[in-house]
Amino acid sequence: MFEDIEKKWQAIWESKPRKYDPNREILAIDTPPPFTSGTLHMGHILSYSYIDFIARYKMLRGYTVFYPQGWDAQGFPTEIKIENKYGRDLPREEFRQRCVEWSYEMIDKMKSQMRRMGYMIDWNHEYITMLPEYHRMVQESVIQMWKQGDIYRDNHPVLWCPHCESAIAKAELEDRDFDAVLYDIDFGTVKISTTRPELLHACVAVMVHPEDERYRSSVGKTAILPIYNREVPIIADQDVIPEFGTGAVMVCTYGDYQDLVWQKRHNLPVIEGIDKHGKLKNSNYDGLDTQSARERIVEDLKRLGAIVREQRYKKIVKVHDRCKNPVELIYSYEWFASLRKHRDKLIEVAKSIRWTPEFGIYHYIDWLNNLDWDWIISRDRVFGTPLPFYVCSKCNHIEPADSLPFYPERAEPKTCPKCGSYMSPESKVLDVWIDSSITPLVVSKYYQDRKFSEATFPNYIRIQGVEIVRTWALYTIYRVWRLTGKIPWREILLNGNVLAPDGRKMSKSLGNVISPDDLLKEYPVDALRQWAAMSGALAKDRPFSYEDIKYAKAFLIKYWNASKYVLSKLQRVSGNVRLRKVDRWILHRLSEVIRDVTDAMDRYEFREAITTLHKFYWNEFCDFYLEYTKWRFQENVDVEGAVYTLTKVQEEFSKMFSVFAPHLAYEVYWMMFGKEIDGWPTFSFYDEDAKREVERFNREVSMVRTYKISNRMSIKTPIESWKTNDHFDQELSEELRKVMNIKVIV
RNA sequence: GGGCCCGUAGUCGAGUGGCUAAGACGCCACCCUGACAUGGUGGAGAUCCCAGGUUCGAAUCCUGGCGGGCCCACCA
C-alpha cells in the first residue's frame with residue numbers, strides 16, 4: 001500500500017513544472033552537494049530531510065522556493081577507484097574521463113535514492129563540479145581572487161608523501177606506532193634528545209623550557225652540531241616539555257609539525273633537509289633515504305662519541321592513509337588563499353548570518369583564531385579543477401589563462417611578458433573545497449543570469465553538518481564575501497551526525513552500520529522522514545533509534561485508519577452546523593497546535609513540531625475526540641457539527657503533517673478533498689471555556705475507563721450509574737452517558 | 001593542553017525559574033469496542049550526577065567538583 005502511494009506522488013511532484021519569477025523574492029536553498037560515493041548514508045538522510053522540511057514548509061507558506069541539487073564529484077577517493085581498476089599509467093585526459101564516467105554512475109544511484117525519499121528537488125537545475133561549465137565558474141572566481149591579491153603562489157612547507165610524490169591534506173593522515181630509538185646527542189653546551197638524528201644537518205636551533213633550571217644559563221648562547229661543526233642558537237620556549245628526554249630539543253626544517261611552529265615563531269632560517277623523493281639533501285648523506293641515513297649518521301656519531309644515551313621509544317608517526325608510508329614536511333611551491341589577513345572581517349561577516357543553533361558560530365570563530373597558515377589550495381592530482389594560470393619557468397611571473405575553462409594539457413604555450421622565457425601552464429589542480437565554496441553563486445546562477453541571481457542571492461539558507469563548519473562554511477563565507485562583498489546566505493542551519501544505536505560511530509569495522517536502503521525494506525519513506533524530524537537536537541550527534549522509526553510507522557497506520565473513519569462520515573454533511581462543546585474543544589486545540597507548530601518550524605525545531613503533531617492527533621483527536629463522535633452518528637445527534645469538526649481537523653492536520661510525511665498526507669487529502677495540498681493552515685478558533693470544561697470532562701472519562709478496567713469490563717459494557725464529584729452541564733452529562741454507556745449520572 | 005556539547009525512570013529522551021517533572025521503548029494487568037490488536041484502557045518505575053550559592057521558589061541561573069562525547073593541537 002505505502003509503496004504505491006509513494007510512487008504515485010513522487011511522479012506527480014517531479015512532473016510538476018517549477019516557475020521562478022525573478023521579479024519576486026525567491027528563497028534559494030544552498031544544499032550540500034554530496035561526494036559521489038554512490039550511496040547515501042543516514043547522515044545524508046538526516047540532513048537532506050531537514051532541507052526538504054524547510055523547503056516544503058516555505059512552499060506551503062506561499063514562498064517561491066528554489067531548491068536545486070549538486071554533486072561534489074572531484075576528489076581523491078574517485079582517483080583511487082580508477083587507479084585500482086585501470087592502473088596508474090593512463091594519460092591524464094583519459095584518466096579524468098574514466099573518473100567522469102564512474103562519477104556519473106554513482107550520481108545515478110544516489111539520485112534515485114533521493115527521489116525515493118520524496119525530496120522536492122528541482123532536477124532541472126542540477127550542477128556537477130566535474131563539468132566544464134562548473135570548471136569555468138571556479139576558474140573565473142579563482143582568477144578574480146588572484147587579481148584581488150587573495151591568491152598567491154609561495155614556497156611553503158607542505159605535508160608530503162615521498163612514496164606518492166604528492167602534497168597531501170591533513171585529512172589524509174593516519175597514526176601509526178613505530179618502534180624508534182631516542183638518542184641523546186652532545187651539542188657541546190647542551191645535550192639534546194631526538195628520534196631523527198639524520199636531520200642534524202637541517203638543525204637551526206635548540207629549544208629549552210624557559211623555567212628549566214638546568215639550561216637557564218645556556219639560553220641566548222649557542223650549541224655546536226657534531227659532524228657539521230655549525231653553531232645554532234639556544235632559545236627558550238613554552239612548548240618544550242622539560243621531562244621529555246634531556247629537556248632540550250633540536251629544531252630541524254622540518255622533522256615534524258612542532259618544528260614548523262618554532263621556525264615560524266622564532267623566525268628561524270630554513271635548511272631544506274629532504275627532497276621530494278624522500279632523500280636527504282644539503283647534508284653529508286645526500287641521496288640516502290631517511291632510514292639508511294639514520295643508520296649511517298648514528299654510526300658516525302658514535303665514532304665521535306657524541307651519542308651519550310639511547311633508549312627504546314614507541315613513537316606515533318603520521319603516515320599517508322593510502323600507502324601507509326611516513327609523511328614529511330617539505331618545502332614546495334604551492335598556491336594559497338589568504339584567509340588570515342581577513343580574520344577579523346570574516347568573523348564580523350559571519351556574525352551577520354543567523355546561525356541555528358547559535359553556538360555553531362563558535363566553531364567558526366575558534367578555528368579562524370587558531371589558523372597557523374593560509375589555506376593551501378593546490379593539489380598534485382588529476383581529477384580536479386585545474387588552476388587557471390601560467391607560471392614563468394625562469395622568473396616565476398604568473399599570468400592567468402586567457403580562455404576558460406582552462407586545461408593545461410590542451411593549453412597553448414606562452415611567453416613571459418616580463419623576461420621572455422617560456423611559461424608553462426600550471427599542472428596542479430584545486431582543492432575540492434575551492435569547487436564547493438562557491439555553491440551559493442552557482443545556485444544563484446551568478447555567472448550566467450544577472451536577473452535570477454539578483455532575486456536569489458544572497459541565498460536564503462545553507463544546511464550542513466556541524467563538523468564541516470571549519471571547511472565548507474568558512475571557505476564559502478570567505479570566498480563569496482571576497483568575490484561579491486556580500487554574505488552567501490542569510491541563515492545557516494547545522495545538523496549533527498547519526499550514531500549507531502549503541503552510541504558509537506557507525507563504521508564498517510564495527511559492523512554497526514545502518515543503511516537507509518535496508519530500513520526502507522521494512523519502513524515506509526514517510527516513517528524514515530519522521531525519524532529524521534524526531535531525531536531532534538540540531539548540531540548534536542544522536543544514536544539511531546529503532547523506537548522512533550517504529551513509532552513513526554505505527555503513527556502512519558493510525559493516521560490512515562483514522563482517516564478512513566473520517567472519510568466514511570464525509571458524505572453526511574447537510575443542514576446547519578451546531579458545534580457541541582467537544583467540537584469547540586478540539587477546534588481550539590487544533591488552533592493552538594497550528595500556532596505552536598508554525599512557531600517551531602520557524603525556529604527549525606523539527607522535533608518539537610512533529611512531537612506536537614503526534615501527540616495532538618493520537619492522544620487527543622483519536623483517543624478522545626473520535627470516540628466522542630461515534631454515538632452522534634449512531635443516534636443522529638449534531639452530526640453536522642461532528643462532520644465539520646472531523647473534516648477541519650483532518651484538513652489542517654494533513655497540511656502540517658505533509659511537511660514530514662508528504663506521501664500519505666497528500667493521499668489522504670486527495671481522498672478527502674479531491675485536490676492537492678496547496679497551503680499552510682490559517683484556521684483559527686478559540687474557546688477557552690470549552691477547553692477548560694472539556695479537559696475536566698476528559699479526566700472524568702478516564703476515571704470511568706479506569707473503573708471499568710479494574711472491574712474487568714470492556715469499555716462498551718453498560719453500567720447502571722456513575723457518581724461524579726465534578727459538575728457538568730446538561731450537554732456534557734449527556735456526552736458522558738452516551739460515550740461511556742452509563743444509564744444515570746448522579 | 002584549547003574549544004564546544006552533555007549528564008533527567010532499565011533504555012532513549014522533552015522540559016532552561018513557578019501547576020502533580022512530558023513522551024516513547026521495555027515491564028505488569030485488563031479489554032477483540034463498530035477506523036485501527038501494527039490497536040485500546042489503566043498501572044508500577046526518577047536522590048532530575050555531587051557540593052555549595054542566588055531566589056519567596058532551582059532539573060532549570062551562578063561557582064566548584066565528578067563523569068561522558070565531539071572537534072582541534074600534541075612530546076622532539
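Since this is a predicted model, take the numbers as computed values, not measurements. Quick note on labels: first sequence line is chain A, next is B, and so on, each numbered from 1.
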So what does [X] hit on the nucleic acid, given a heavy-atom distance under 4.0 Å: a base, only sugar-phosphate, or nothing?
X      : result
A/K558 : base
A/D259 : nothing
A/L626 : base

Which atom pairs link the protein and nucleotides 18-22 of chain B when you take only N or O atoms and keep those under 3.5 Å?
residue, atom, partner, partner atom, Å
B/A22, O2', A/K615, NZ, 3.4

OP1 or OP2 of [N] sitting under 4.0 Å from any side-chain N/O of [X]?
X      : N     : answer
A/S702 : B/G42 : yes
A/K716 : B/G40 : no
A/W618 : B/G40 : yes

**Asked** Could you walk me through whether A/Q650 and A/Y617 pass the side-chain hydrogen bond (donor to acceptor under 3.5 Å, both in side chains) check?
**Response** CA-CA 9 Å; A/Q650 196 65 18; A/Y617 194 82; 3.1 Å; yes
**Prompt:** For the base of B/G26, is there a side-chain donor-acceptor partner from A/E547 under 3.5 Å away?
**Reply:**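 Counting by modelled atom types and ignoring angles, no donor-acceptor contact under 3.5 Å is found here.
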**Span that lies between the P atom of B/A9 and that of B/C50, in whole angstrom** =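 The same atom, P, in both gives a distance of 10 Å.
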**Request:** Give each stem of RNA chain B as a range with a range, requiring at least 3 consecutive Watson-Crick or G-U wobble pairs whose two distances are under 3.5 Å.
**Result:**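 Expected stems, ordered by start: B:1-7 with B:66-72, B:10-12 with B:23-25, B:27-31 with B:39-43, B:49-53 with B:61-65.
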**Message:** Are A/F697 and A/Y628 an aromatic pair, judged by ring center distance below 6.0 Å?
**Reply:**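 Centroid distance A/Y628-A/F697: below 6.0 Å, so yes.
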**Request:** Find out whether the Lys NZ or Arg CZ of A/R705 is both under 6.0 angstrom from the six-membered ring centre of A/F624 and within 45° of the ring's axis.
**Result:**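 Geometry flag: set, cation within 6.0 Å and 45°.
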